[in-house]
Amino acid sequence: MAKLQLDDAVSIPETAFELSEHLGFSRAQPALWAWYEMAGSVLSHYVVDQNTRLQRLFNWFYNDLGFQAREDYFSVEAADLCFCVLKRQGNSTTLATLLVLLAKQLDLPLDAVLLPGQTVLRSLLNDKIRYFDPLTGKELTRHQLHSLVRGELGNAAKLKPSHIKPATLKRLISRMLHELKAGCIVSQKFEQAMECCNLLLQWHPDDVHLNRERAFIAQQLGCIKVAMSDLQHFIDNSPHDPVIELVKMQLKELSQHSQIYH
């Protein structure tokens, strides 16, 4: 796996396509050509009225092109933007990303919003903010947004202003990487999951929870010393975390194993 260096100069979809190829999931070039074709075709749906333009975009995207949620929603394929462009299936993040890009082609103010557990769309037309489900294109009420947050964080969770803040490109790519990592773990592609963690730590070196996740992945790969180092880093830098005693127990258990090389 060739080394890929993430920096703050990200662009979508190019960076997302490069990540997919780097991780060995898809080839970037076919996806890029498919994107160019789609970006050109969407221009035929430009009309003067912005609200009509947005509805025509949704109708074209879901009905004419047939984009939809992938059945195995938590898979690598659902989280892979290359796969989403080529097969017209994805999760909320990949579908939202494509719609944001296509809206830009139509000069429509559409943003991705990273709710806990799900990505939604936010439009600002005629000074009115509206939210949409990227899996269906249907409008979401604030009550429904709150329900999504409570479903992920618990019934006591509130809908905070930070939850519905438009995402930066860096945050959007980070969410894609997190979802690719989760898909890798589900399908036991631990080498790729490890690389997802490594890439995320380039951008978020202070996120000790990434170290804890990488420790679990390293253990699956038999890299016990790496796992121990990450767990120790978590303990040293997050001494008051609610799971700290569990992590200490994990570290103690790992210390009883010898390093296994593959």
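Owing to the predicted nature of the structure, the values given are computational and were not obtained by experimental measurement. Side chains included, hydrogens not; waters and symmetry mates left out as well; all remaining heavy atoms used.
Side chain to side chain, T141 and Y131 fail the donor-acceptor criterion of an N or O pair below 3.5 Å. T93 and E179 form a side-chain donor-acceptor contact under 3.5 Å, judged by distance and modelled atom types alone. When only modelled atom types and interatomic distance are considered, Q232 and D236 share a side-chain donor-acceptor pair under 3.5 Å.
The existence of a salt bridge linking E213 and K181 is confirmed by a sub-4.0 Å separation between a basic side-chain nitrogen and an acidic carboxylate oxygen. Classification of E21 and R27 as a salt-bridged pair fails, no side-chain N sitting under 4.0 Å from a carboxylate O. Look at D133 and K138 and you find no salt bridge, because none of the NZ, NE, NH1 or NH2 atoms lies under 4.0 Å from a carboxylate O.
Hydrophobic clustering (ILVMFWY, side-chain heavy atoms < 4.5 Å, transitive): V113 and L153 are in one cluster. Residues L114 and L81 share a hydrophobic cluster, clusters being chains of Ile/Leu/Val/Met/Phe/Trp/Tyr side chains in contact below 4.5 Å.
Counting only heavy atoms from C-beta outward, the side chains of F58 and T136 never approach each other to under 4.5 Å. Between C84 and L98 the shortest side-chain heavy-atom distance falls below 4.5 Å. Residues K160 and H163 form a side-chain contact, since some pair of their non-hydrogen atoms from C-beta on lies under 4.5 Å apart. Considering only heavy atoms from C-beta on, F190 stays 4.5 Å or farther from M194 through its side chain. Counting only heavy atoms from C-beta outward, the side chains of Y73 and S92 approach each other to under 4.5 Å.
At least one donor-acceptor pair under 3.5 Å links the side chain of Q105 to the backbone N or O of A39.
Ring planes of H45 and W60: tilted class, angle from 30 to 60°.
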Quiz prompt | F67 and Y62: CA distance, side-chain angles, deciding distance, ring pair (Phe, Tyr, Trp, His ring centres under 6.0 Å) verdict | solution = CA-CA 5 Å; F67 276 91; Y62 297 105; 8.0 Å; no
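Across every non-hydrogen atom of S44 and S41, the tightest pair is OG-O, 2.9 Å.
Stacking of R53 on the aromatic ring of Y46 is recorded, both the 6.0 Å distance cut-off and the 45° axial limit being met.
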